[in-house]
Structures are given as structure tokens and as C-alpha cells.
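Each chain gets a letter, A, B and so on, in the order its sequence line appears, and its residues count up from 1.
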There are 2 protein chains.
Amino acid sequence: MSKKKPTILEVAARAGVGLGTVSRVLNNHKAVRPETRARVLKAMEELGYTPNPHARRIAGGRSYTVSVLLPFVATEFYRRLVEGIEGVLLEKRYDLALFPILSQARLRRYLESSTLAFLTDGLILASYDLSEHFEGGRLPTDRPVVLVDAKNPRYDSVYLDNFLGGHLAGEYLARFPGPIFAVKVEEEPDRAFRHTVFAERLAGFQEALKEAGRPFPEGHLYTTRLSQEGGRLALRHFLERASPPLNVFAGADQVALGILEEAERLGLTLGKEVRVLGFDGHPFTEEVGLSTIAQPVEAMGARAAQLLLERMQGYAGPPRAVRFEPLLIERASTRTSPAVPYLP
Amino acid sequence: MSKKKPTILEVAARAGVGLGTVSRVLNNHKAVRPETRARVLKAMEELGYTPNPHARRIAGGRSYTVSVLLPFVATEFYRRLVEGIEGVLLEKRYDLALFPILSQARLRRYLESSTLAFLTDGLILASYDLSEHFEGGRLPTDRPVVLVDAKNPRYDSVYLDNFLGGHLAGEYLARFPGPIFAVKVEEEPDRAFRHTVFAERLAGFQEALKEAGRPFPEGHLYTTRLSQEGGRLALRHFLERASPPLNVFAGADQVALGILEEAERLGLTLGKEVRVLGFDGHPFTEEVGLSTIAQPVEAMGARAAQLLLERMQGYAGPPRAVRFEPLLIERASTRTSPAVPYLP
DNA sequence: GTTCCTGGTGGAAGCGCTTCATGGAAACTT
DNA sequence: AAGTTTCCATGAAGCGCTTCCACCAGGAAC
């Protein structure tokens with residue numbers, strides 16, 4: 001299929017320059033005349049040249065490869081996150097390697113494994129609570145690390161203010177008549193990563209209700225795993241305790257979807273008899289008209305990539321924590337009439 | 001954290017041999033006296049030496065790294081598959097890199113990306129139907145490729161005989177009184193991989209019923225996505241059409257679990273009023289006493305790794321297709337009394 | 001005893017790249 | 001006009017490894 005890959009020498013020959021010049025073009029060195037650079041780029045194009053990252057690494061430079069470690073959980077969230085990361089990195093001609101964390105043991109092996117340890121210029125770790133699993137909350141690697149969807153005092157972190165998100169949700173639902181309910185999403189057992197995010201959301205939510213003077217008895221909280229099914233069960237549970245109208249903070253869009261479906265099945269009017277507010281801002285929320293607390297996932301990924309780029313370029317300041325704010329998106333699931341927009 | 005990694009020269013110096021000898025030890029060359037080899041290994045141990053795969057690659061040899069491409073679907077199946085692959089590969093001192101296929105576009109990018117294209121000695125592709133997505137069913141790579149949980153005439157493949165599995169299921173359930181139902185699991189939309197496996201299972205199932213002379217009207221088939229929820233809905237659907245005893249082939253353990261739960265909720269006796277048969281052999285089936293058609297997933301992974309090793313060592317015969325057979329495991333969900341084992 | 005292997009070993013060459021002295025030519029000085 | 005600086009460009013050295021040729025013992029064959 002693919003022939004022998006062309007090397008820097010062939011490019012140099014074709015462009016009529018020395019190999020040093022080609023290398024400088026590759027590395028964006030300043031001292032190259034624009035027309036020479038153009039000639040070299042043209043030669044690379046014509047030959048279908050791709051730099052060999054291992055040779056680059058060996059030669060003591062960078063490999064222009066970044067690893068992203070992410071939980072082996074197939075959700076839209078990670079898809080969007082990678083999208084955001086990639087957008088920034090591709091532009092800088094970086095290559096991306098994704099590593100699903102199937103287990104705790106595997107993460108450790110990755111970090112020690114030659115592939116990752118030798119090749120990668122830097123790494124992004126998603127949704128992973130280091131402090132729990134690594135001594136001193138420090139990864140056994142000497143490459144720069146950026147965390148996303150997690151916080152850690154030792155590394156640059158990009159995270160969503162989940163407490164604020166919950167607070168927004170509480171504030172918003174407190175404006176409606178009828179009792180208020182909430183779903184607490186449980187952590188998956190035996191996962192290699194943590195998810196305190198749900199607890200944070202709930203804490204913010206409860207805080208807001210307290211501020212608004214709205215009661216939130218214990219029976220109004222239903223705990224379940226992250227699933228549509230959980231939403232269905234939750235709504236049934238709530239309806240045993242109160243009759244419509246009800247206001248429900250679902251904690252996650254997926255759960256909210258279950259509630260939506262169950263409400264429909266039971267013939268309850270959405271936005272009136274049952275008001276549902278999700279969390280995450282999944283693409284499907286728009287389709288089904290689900291109000292939600294949206295996370296700017298792509299932006300978070302992009303920011304993480306930027307922080308990493310800076311580190312890889314030598315920035316050595318103290319760890320930075322970048323906080324993102326969620327955004328309330330109001331849709332039909334909490335609104336009887338589309339003509340009355342919510343104004344905070 | 002990690003100091004400068006020791007190189008082959010330091011190992012050579014410490015062992016009091018030449019660098020050529022160290023290399024020969026690394027590559028299992030025959031021509032090294034056992035005691036010399038031992039001395040070298042000891043030196044490597046003491047220095048904490050790890051060979052640099054990029055240097056190996058550059059030097060024209062292998063990198064001793066294999067890539068496994070797998071759908072971004074967090075299931076026990078892939079966990080076990082990787083386990084099986086890894087078992088074989090680690091033994092041969094190979095390193096593993098996992099690449100989740102988040103999307104069709106990303107798979108393509110992987111194959112072209114320098115990381116995978118340059119580093120990897122060979123690759124294993126799981127649950128992916130090449131013919132649909134690549135021209136001529138051929139991957140744009142010159143490295144050896146082995147498919148697992150998929151078939152393709154161009155590459156070595158390791159697969160389960162899903163038709164046979166379905167047939168076993170049909171044969172088995174046909175022995176019981178009461179009408180027979182089945183769940184057909186739908187493919188996920190917009191996934192980068194195919195799953196004809198469910199269709200194959202069902203085909204085998206129907207064939208077996210026909211052979212046994214048992215009717216299977218259209219209304220006895222319920223189609224749903226792969227989820228517990230789907231199982232719940234399926235059972236309700238079936239109960240609208242017939243009263244117990246019922247026999248249900250769930251098509252997948254996850255669906256079967258939903259059926260189990262719903263049956264319990266409805267107060268139906270398992271193994272008597274409702275008999276449920278799953279497919280896959282998930283670990284949880286043992287806990288909950290679910291009968292199932294088990295796949296030897298680890299063995300399949302291991303076999304795939306072996307085939308790949310052979311290819312990487314130069315074997316150039318025609319593509320081989322290794323078929324695995326599923327195994328019926330009988331448990332409480334299809335058995336009233338534990339004292340009466342099923343003898344085929 | 002001489003020749004020819006053979007198993008065991010050492011080290012130079014070279015993989016594709018970056019980096020670094022080095023140098024030529026043009027652009028500024030005074 | 002000659003000296004100085006700047007800008008480009010060159011190719012050797014070296015990254016950590018594999019491979020290959022060269023070499024040396026000792027044993028087998030003559």
C-alpha cells in the first residue's frame with residue numbers, strides 16, 4: 001500500500017536546499033526566507049512527506065504528539081471534549097493519541113509504558129481524581145499534564161463550576177409553584193475515575209433552595225445510576241409523594257430524558273404539570289425541548305489544550321485553575337408558553 | 001520525577017559487554033551465551049532500563065508496540081477482550097496502545113496519523129466492519145492487521161459463531177412449554193461500527209425454532225436498543241400477548257437483566273412463569289442466576305493476538321478465519337429446580 | 001599440524017530527525 | 001572603503017537503537 005516514506009533529505013533535494021533548512025521549516029524557525037520556505041513546503045506536498053515523530057523524538061526534539069487519557073465511558077461529553085482539544089492542537093500541527101482508561105491498573109501501565117512515556121510531549125487527563133489514586137496526587141511522568149473536568153492543586157486544571165450549575169438550577173426552579181424534587185446521580189462503582197460532580201451539583205441546588213426559602217425534605221431526593229431508566233423510576237417515586245404540578249431537577253440530561261418519557265407516558269403536561277430541568281447540554285436536549293444547565297464542553301477542551309501548549313512551550317508558572325460557568329438554557333420542558341422567555 | 005533514562009550503552013558498560021550484545025539480548029538472538037545473557041539482564045534490571053521504542057523503530061527494527069482499535073463503547077466485552085489480547089502480548093514483551101474509535105472520521109485519522117502509522121508493528125481492530133467504510137474493505141496501512149469480533153476476507157479474523165449461538169438458544173427454549181418470544185437488539189445509530197451480530201443471533205434462533213416445529217409469529221419479536229430498559233419494555237410487551245409461562249430469548253445479557261428485574265417486580269416466578277435466556281456470558285449473569293449463551297471473549301482476544309504475532313513474524317499465508325463457538329450456560333432463570341441439570 | 005567451521009562477541013554504519021557550529025552574502029556602519 | 005552586524009543557509013554530530021561485518025576463540029575434519 002504505502003511505499004517507503006520520503007525523508008527530509010528527499011525533500012531537501014527536491015527543494016534544492018540543505019536538510020537543515022527543511023528542518024527549520026518543520027519547526028517554524030524564524031531564519032528562513034519566505035520564498036525558500038514556500039519552496040520547501042511545496043516539495044513536501046509533492047512528495048507527500050510526513051515527518052516521522054519517532055525520529056523527532058529521538059533527535060531530542062518534540063514529537064508533536066499529545067496523549068489524551070479519558071474514561072472508557074461512551075458519552076457525548078467526551079466526544080465533545082476531544083473535539084475541543086483537537087481543534088486547538090491540530091492547528092498547531094500536533095497529533096493526538098487517545099487512551100481509554102479501562103481500569104486503574106491500566107492507567108498506571110500507560111504512564112510507564114514506553115509508548116506513552118517516550119512518545120508524548122504532554123498529556124491531558126479527563127475526569128480523573130488523581131489525589132485518590134496516586135501518591136501525593138502526582139502522576140509518574142515528567143511531561144506536562146493538564147487536567148480537565150477535574151481539579152488538582154499540582155496541575156493546571158480546567159473544570160466546570162458544578163456547584164454554580166446546581167445553584168442556577170435551584171434558583172430557577174424555586175420560581176415555580178409546586179413542590180421541588182431532585183435526582184441524585186450515583187457514582188458508578190468500580191470505575192477508575194471519580195464523579196463528585198453530581199454531589200457538587202446537588203449541593204449548589206440545595207443551597208439555592210435554602211436561600212429561596214423553599215423546603216426540600218429528604219423524600220424529595222431520589223438516588224439512582226446515570227440512566228434513562230433512573231429518570232423513569234424517579235418520576236414514579238416523586239408522584240407517590242405529591243401530585244402535579246411538580247418541579248424536578250434531574251442532575252443529568254440522560255436522567256431528565258427518562259423523566260420526560262415517563263411524564264409523557266403518564267399523560268402529564270410538560271412545562272406545566274411536570275417541569276424538568278436537566279444538566280449537561282447534550283445535543284438531544286434541543287430536539288426534545290429539554291431545559292438544561294449547559295456545559296461549554298468544547299471550550300473546556302480547547303482551553304485545556306491551550307494550557308498544555310503553553311506548558312510544552314516552557315511556561316513554568318504555578319498551576320492554574322480555569323473555572324468555566326454553566327449556562328441555563330430554557331426550553332419547553334419548563335415553560336408552558338414559548339412566548340414567555342425566562343429573564344434572570 | 002524520572003531521571004534521564006539509561007541507554008543501551010550504560011547497560012553494556014555495567015554488564016561488561018559490547019552494545020551489540022545487549023541489543024542481541026533485547027531481541028532474543030540465539031547467539032548469546034546464557035551466562036552473558038543473564039549478566040546483561042541483571043544490569044538492565046539494576047539500572048531500570050527500558051528500551052526506547054522510537055529508537056528501535058528508527059533503527060529499522062520493530063517497536064514492539066501493537067495498537068488495538070476498539071469502539072468507544074464501555075462494555076465488559078471489550079474489557080475482557082483487551083485482557084485476552086494483553087495476556088499474550090505482554091508475555092512476548094510487546095506493548096499495547098488502545099485507541100477508542102470515537103467516530104468514523106477519527107479512525108481514518110488514526111490510520112494516517114503519525115503516531116499509529118509510524119509506531120505500531122501491527123494492529124487489532126475490534127467489532128468493525130471494514131467493507132462498509134473502506135474502499136475494497138482494505139485499511140490504508142501496510143502493517144499486519146487482525147480483526148476480532150468481525151469477519152473480512154482480506155484479513156485474519158477471529159469471530160464468534162453468533163448464528164450457532166442463536167441456534168443453541170432456540171433449540172434450548174423449544175424444549176419448554178409455553179410460547180416463545182425474542183428480543184432483537186437494534187444497532188446503535190451513527191456508530192462507527194456495525195453490529196450484525198444481533199441479526200445473526202436472531203437468524204440462528206429462528207432457524208432452530210423452525211426445525212423444532214415451534215411457531216414464532218411476528219408479534220413475538222420485540223425490537224429495542226441495547227439496554228436494561230429495553231428488556232423491561234419487552235417483557236411488558238410480551239405479557240400483553242400471552243400469559244405465563246413464557247420463554248424469552250433476550251439477545252443480550254443486558255436486555256435479559258431488564259427482563260429479570262421486570263419479572264421480579266411483577267411477581268413472576270423465574271424459571272417457571274418466565275424463563276429468560278441471555279447472550280454474552282457477562283460476569284453478572286452468575287450473580288443473578290441468568291442462563292446465557294457465553295462467548296469465550298478472552299480466548300478470542302488471545303487468539304487474535306497470536307495471529308497478529310505470527311503475521312508480525314513474517315507469516316504471509318492467506319487470511320485465516322478463526323471461528324469460536326458459544327457455550328450454553330444454564331442457570332436459575334431457565335430452571336425451576338437446581339437439581340435438574342440440562343443435558344444437551 | 002594445518003584448514004575450516006562454528007558459536008560468541010565487539011563496534012561501525014546508519015535509521016530520520018534536531019541542533020549547532022560555521023560560513024557566505026547582503027545590509028548596515030563609521 | 002573597509003569593518004561590523006544581520007540574515008540565510010549548510011552539513012556534521014549525535015539521539016538510542018538494529019544490523020552487519022569483522023574478529024577470535026575452540027572444536028571438527030583432513
Any protein N or O atoms within reach of nucleotides 23-25 of chain D? Criterion: under 3.5 Å, listing atom names and distances.
none

For nucleotides 5-8 of chain D, tabulate all protein N/O to nucleotide N/O atom pairs closer than 3.5 Å, reporting atom names and distance.
none

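With D:dT18, D:dC17, C:dG16 as the candidates, the nucleotide lying closest to the side chain of B:Ile58 is C:dG16.
If you check every strand for non-hydrogen atoms under 4.0 Å, B:Thr21 touches sugar and phosphate atoms only.
When the salt bridge (Lys or Arg N to Asp or Glu O under 4.0 Å) test is applied to B:Arg62, no partner is found at least two apart in sequence or on another chain. A search for side-chain hydrogen bond (donor to acceptor under 3.5 Å, both in side chains) contacts involving B:Arg93 returns nothing, not counting sequence neighbours. A search for side-chain hydrogen bond (donor to acceptor under 3.5 Å, both in side chains) contacts involving B:Glu86 returns A:Arg106, A:Arg109, not counting sequence neighbours. Scored by the salt bridge (Lys or Arg N to Asp or Glu O under 4.0 Å) test, B:Arg303 finds no partners at all (sequence neighbours excluded). For A:Lys92, there are no side-chain hydrogen bond (donor to acceptor under 3.5 Å, both in side chains) partners two or more places apart in sequence or in a different chain. In this structure B:Ser67 satisfies the side-chain hydrogen bond (donor to acceptor under 3.5 Å, both in side chains) test together with B:Thr120, sequence neighbours excluded.
Residues in residues 309-320 of chain A take part in these salt bridge (Lys or Arg N to Asp or Glu O under 4.0 Å) pairs, two or more places apart or across chains: A:Asp156-A:Arg311, A:Asp156-A:Arg320, A:Glu310-A:Arg320. Sorted by first and then second residue, the salt bridge (Lys or Arg N to Asp or Glu O under 4.0 Å) pairs with a member in residues 17-33 of chain B read B:Arg33-B:Glu35; sequence neighbours excluded.
Where the helix from C:dG1-D:dC30 to C:dT30-D:dA1 starts and where it ends, the local axes point in directions that differ by 50°; five pairs per end, rounded to 10°.
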Result block: side-chain N/O donor-acceptor pairs under 3.5 angstrom for residues 11-22 of chain A, not counting sequence neighbours:
{"unit_1": "A:Arg14", "atom_1": "NE", "unit_2": "A:Glu46", "atom_2": "OE1", "d": "2.5"}
{"unit_1": "A:Arg14", "atom_1": "NH2", "unit_2": "A:Glu46", "atom_2": "OE1", "d": "3.0"}

